[in-house]
Asker: 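Submitted below is the structure of interest, expressed as structure tokens.
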Amino acid sequence: MDIILYLLTIIQYLYQLNCWLLNFICRYIPLKQWAFDDSHSPKYQKYKIDELPLITDFRQDWTYKELIPYFHKRYGKKICPIKRQSECDIPEECSCPRCQAPKPYLYKNNGSKGQLSCKVCDAKFSQQDNRFSAIKLRCPHCGNTLVPKKDRKFFVLHKCVNPKCPYYLHNLKKVEPEHLNEAYGKNKYKLHYIYREFTVDFFRMDLNSLPKNASSLKFSRHNAHVMGLCLTLHVNLGLSLRKTSQALKDLYNIRISHQQVANYARTAALVIKPFVDNYEYKTGTTFIADETYIKVRGIKGYIWFIMDAVSRSILGYQVSDNRGVGPCILAMRMAFRKLKQ
Ligand SMILES: [Zn+2]
Ligand SMILES: [Zn+2]
């Protein structure tokens with residue numbers, strides 16, 4: 001009798017050990033099939049995102065009309081128009097780009113070289129380029145002004161072209177010299193500091209960044225309430241696309257095609273995905289997992305769900321084209337991330 005009890009204790013102990021090891025593997029051991037040995041290679045620097053640039057804003061609200069009385073009151077110094085010895089060839093319409101002071105307050109700073117100076121705010125400027133009306137971007141590593149290199153559809157690419165920039169020299173050192181000497185060798189690597197200034201408003205839904213047929217949420221024929229009804233019937237009540245379309249017509253006399261319902265559902269799914277993924281679900285002590293397969297455009301795929309046993313909230317999920325261990329463990333990791341220490 002004693003030996004059975006003893007063996008049972010051993011089995012329980014081993015089982016505990018197994019659970020502990022499995023937990024350890026899921027959390028800490030990197031997976032071979034997902035981790036690439038050369039992911040630190042300079043070739044992959046292309047995917048690296050640089051830190052934000054330094055921004056110098058030259059725009060200011062005060063004009064010479066406020067500045068002259070202010071200086072008078074603050075320092076007891078009255079700024080008067082310049083008394084000129086000789087004829088001045090500064091154009092009549094020229095004014096200070098920083099404080100808008102007109103010609104009587106402007107003088108030539110360096111003779112005939114073309115730089116003008118403002119007597120009111122002490123700004124030095126040339127008549128051609130008006131840097132005071134704009135924002136200047138500078139490299140956070142060397143302080144040089146970034147040069148706008150490429151004007152793409154949704155962003156402007158600014159680059160630090162300083163050949164002595166410490167960031168550039170640091171990246172250059174990491175690349176093998178023979179790779180640099182190949183044709184267009186330098187272009188294969190991301191060596192310079194780069195900043196993408198996005199010109200697209202992320203808070204406006206943009207059709208180009210959404211899959212085909214997604215709604216722009218600008219609503220020309222219907223409105224947000226109709227979209228809400230579509231989602232309630234199709235998602236919450238589980239009606240098919242055609243039944244949803246039929247129900248809307250029968251119940252509310254709203255004519256909407258089943259394709260439009262599908263478009264709304266797809267758009268909503270895309271918009272709420274980041275919120276769902278990052279939502280802080282309350283987690284219990286027991287998790288359950290399920291594996292099933294789905295067809296995506298006719299191709300069979302596998303999907304894993306990790307759920308809280310009580311609340312049934314989905315804590316982790318993963319879609320994959322194979323039934324390997326990797327995607328399964330990734331789903332578990334996603335769920336474990338939501339656990340508090
Ligand atoms: Zn000025
Ligand atoms: Zn730089």
Side-chain angles (χ1 to χ4, degrees), residues 42 45-84 88-111 113-151 155-175 180 185-198:
Q45 293 276 322
K46 290 219 175 194
Y47 302 114
K48 199 178 139 190
I49 298 164
D50 288 326
E51 57 190 290
L52 288 174
L54 306 171
I55 299 169
T56 317
D57 192 346
F58 288 103
R59 296 170 302 180
Q60 72 164 32
D61 299 334
W62 287 38
T63 67
Y64 73 105
K65 284 177 192 151
E66 287 99 24
L67 283 173
I68 292 175
Y70 171 76
F71 284 138
H72 193 198
K73 192 162 176 253
R74 180 81 175 73
Y75 303 106
K77 206 176 91 183
K78 181 123 179 73
I79 298 171
C80 305
I82 295 157
K83 294 186 194 74
R84 295 182 206 276
C88 167
D89 62 351
I90 299 173
E92 273 317 315
E93 68 279 1
C94 185
S95 64
C96 169
R98 195 201 259 171
C99 72
Q100 272 99 54
K103 185 194 162 186
Y105 294 97
L106 305 179
Y107 60 92
K108 291 195 169 176
N109 190 41
N110 53 0
K113 289 207 183 94
Q115 193 185 57
L116 298 181
S117 187
C118 169
K119 197 183 168 189
V120 182
C121 70
D122 209 26
K124 313 270 187 290
F125 60 96
S126 84
Q127 286 177 54
Q128 281 81 40
D129 77 309
N130 188 354
R131 67 194 169 97
F132 290 103
S133 66
I135 288 169
K136 200 162 86 172
L137 300 171
R138 288 184 298 123
C139 170
H141 302 279
C142 67
N144 267 39
T145 311
L146 300 181
V147 183
K149 275 282 177 190
K150 283 167 189 158
D151 202 346
F155 61 89
V156 185
L157 197 127
H158 299 267
K159 191 172 177 181
C160 170
V161 292
N162 177 12
K164 285 179 186 155
C165 176
Y167 182 75
Y168 167 67
L169 294 176
H170 173 78
N171 285 337
L172 199 62
K173 242 187 272 171
K174 287 200 275 189
V175 183
L180 281 183
K186 276 191 181 179
N187 293 3
K188 288 179 188 162
Y189 300 96
K190 181 188 164 311
L191 300 171
H192 292 274
Y193 171 84
I194 280 172
Y195 171 66
R196 281 179 177 79
E197 180 196 356
F198 284 91

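Order of listing sets the numbers, starting from 1, for every ligand and every atom in it.
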Asker: Would you call Asp50 and Lys190 a salt bridge, taking side-chain N to carboxylate O under 4.0 Å as the test?
Answerer: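 A salt bridge links Asp50 with Lys190.
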Asker: Look at Asp151 together with Lys149 and state whether they make a salt bridge at an N to O cut-off of under 4.0 Å.
Answerer: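 Result for this pair is no, no salt bridge flagged.
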Asker: Hey, is the main chain of Glu51 close enough, under 3.5 Å, to the side chain of Tyr193 for a donor-acceptor pair?
Answerer: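 Yes, because the side chain of Tyr193 sits within donor-acceptor range (under 3.5 Å) of the backbone of Glu51.
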Asker: So Tyr105 and Leu67, side-chain contact (heavy atoms from CB on, under 4.5 Å) or not? Walk me through it.
Answerer: CA-CA 12 Å; Tyr105 294 97; Leu67 283 173; over 6 Å; no
Asker: Could you tell me which non-hydrogen atom of Pro53 sits nearest to which non-hydrogen atom of Tyr195, and how far apart they are?
Answerer: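 Heavy atoms of Pro53 and Tyr195 come nearest at CD-CD1, 3.4 Å.
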Asker: For the residue pair Tyr70 and Trp62, does the interplanar ring angle fall in the parallel (under 30°), tilted (30 to 60°) or perpendicular (over 60°) class?
Answerer: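 Plane angle over 60°, so perpendicular.
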Asker: How would you list, by chain and number, every residue that makes a side chain to side chain contact (heavy atoms under 4.5 Å, CB included) with Lys65, sequence neighbours excluded?
Answerer: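 Expected list: Thr63.
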Asker: Within the side chain of Lys119, is there an N or O that forms a donor-acceptor pair under 3.5 Å with the backbone of Cys80?
Answerer: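 Yes, because the side chain of Lys119 sits within donor-acceptor range (under 3.5 Å) of the backbone of Cys80.
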Asker: Who pairs with Thr145 by side chain to side chain donor-acceptor pair (under 3.5 Å), at least two apart in sequence or on another chain?
Answerer: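 Thr145: no side chain to side chain donor-acceptor pair (under 3.5 Å) contacts found.
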Asker: Under 2.8 Å from the Zn ion (ligand 2), which protein atoms of type N, O or S occur, listed by chain and number?
Answerer: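 Per the 2.8 Å query on the Zn ion (ligand 2), atoms found are Cys139 SG, Cys142 SG, Cys160 SG, Cys165 SG.
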Asker: What protein N/O/S atoms sit under 2.8 Å from the Zn ion (ligand 1), by chain and number?
Answerer: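 Metal shell, protein only: Cys96 SG, Cys99 SG, Cys118 SG, Cys121 SG.
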